[in-house]
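Beneath this line is the structure, given in structure tokens, with notes to follow.
For ligands, and for the atoms within them, numbers begin at 1 and follow the listed sequence. The residues of the chain are indexed from 1 along the displayed sequence.
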Amino acid sequence: MRKLLLAVAAAAIVLAPASVMAQSPIVIKFSHVVANDTPKGKGALKFKELAEKYTDGKVKVEVYPNSSLYKDKEEIEALQLGSVQMLAPSTAKFAPLGVKEFEALDLPWLFKDDETYSNAMKGTVGKWLFQKLEAKGITGLAYWDNGFHMVSSNRSLTKPTDFQGLKFRISGSKVADQYFRLVGSIPQIMAFSEVYQALQTGVVDGCENTASNYLTQKFFEVQKDITVSYHAHLQYAVIVNSKFWSGLPPDIRTQLEKAMADATEYTNSIARKENDDALAEIKKSGKTTLHFLTDADRKAWQEAMQPTYKWAKGRVGQEVLDLIAKELDVKMN
Ligand code: LMR
């Protein structure tokens, strides 16, 4: 009898993990570097809400904001290794993967307004770029908008000559590196989580980013002057580990695709207002002075940065430039 009881107990122990496993949800770790209270932060939380709802709790999404799990470069490595399943890095951060074509999106004054940007990404360019990631074990699911970059330092930046000799933090794109060099400044790649301290201690003199990031990372508190230049665009690619994604049960994947489509629509619909509200709040704080470019200033910046386009051909290749030019119905030179 005792033997029988022991055998039953042992069988229960062996079987228990399997039955627990059958019920335990599929976990998606979604890591990103910005605050929850930003377009991307809100988008990630919306995806979590919808993914868990549409799959009836069969999927659990754990969102890790503010570089709490990984910093910029590490997060892409972690995705390839499968330590995290979903990310939404800015498209400026794919160069370490050997995928440089995304940097074409960082060209200065490429998109004339938000609408032009979003129409361009709905076309062939967005899909073509995602194909470049497949060989790296990464699948692109969606593009999330943030908005246009402003630029800041402890001096006002309205003329190209104002940049002379200043060190600027950039997020990774060589195209941004190029346009900052063309105005005589010294760009430096640095992880997003390190920017506030670098600005505060003077490791760098300035940076570029959107209003929502300036506000939520408090960059505006350590920069005396911000120019609302809107000289380049910041967008994200929501990406997953391909092996994880293709290994999901098809019905679950379909629900997750629906959750992503809805979360994308939501994120892209709030981005503009999030940045407008953030800019108003920065202004209200009185901690920094906002500057705006006159038409003549803008023209001077555009002329000074124009050689970036020619330079970019050697960096990103002609094919992506042609695709963008066709999509935007402009001539790239
Ligand atoms: C940056 O590093 O400046 C941006 O990529 C941060 C972000 O994700 O918005």
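Between Tyr143 and Phe130, the distance separating the two ring centers is shorter than 6.0 angstrom. Taking the six-membered ring wherever Trp is involved, the centroid distance between the rings of Phe163 and Phe168 falls below 6.0 Å.
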- Take Tyr236 and His32, measure what side chain to side chain contact (heavy atoms under 4.5 Å, CB included) needs, and give me the verdict at the end. CA-CA 11 Å; Tyr236 308 112; His32 68 80; over 6 Å; no
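The residue from Asp106, Thr116, Asp145 that alone fulfils the side-chain hydrogen bond (donor to acceptor under 3.5 Å, both in side chains) condition with His233 is Asp145.
Hydrophobic clustering keeps Leu182 apart from Leu166 (ILVMFWY residues linked when any side-chain heavy atoms are closer than 4.5 Å, directly or through intermediates).
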Run through all N or O atoms in ligand 1 and write down each protein N or O closer than 3.5 Å, as a pair with its distance.
| from | atom 1 | to | atom 2 | distance (Å) |
| --- | --- | --- | --- | --- |
| ligand 1 | 2 (O) | Lys93 | NZ | 2.7 |
| ligand 1 | 2 (O) | Arg169 | NH1 | 3.4 |
| ligand 1 | 2 (O) | Arg169 | NH2 | 2.8 |
| ligand 1 | 3 (O) | Arg169 | NH1 | 2.7 |
| ligand 1 | 3 (O) | Asn209 | ND2 | 2.8 |
| ligand 1 | 5 (O) | Ser90 | OG | 3.1 |
| ligand 1 | 5 (O) | Lys93 | NZ | 3.0 |
| ligand 1 | 8 (O) | Lys40 | NZ | 2.7 |
| ligand 1 | 9 (O) | Asn213 | ND2 | 2.9 |
| ligand 1 | 9 (O) | Tyr236 | OH | 2.5 |

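Remark: the Gln255 side chain and the Thr55 side chain contain no N/O donor-acceptor pair separated by less than 3.5 Å.
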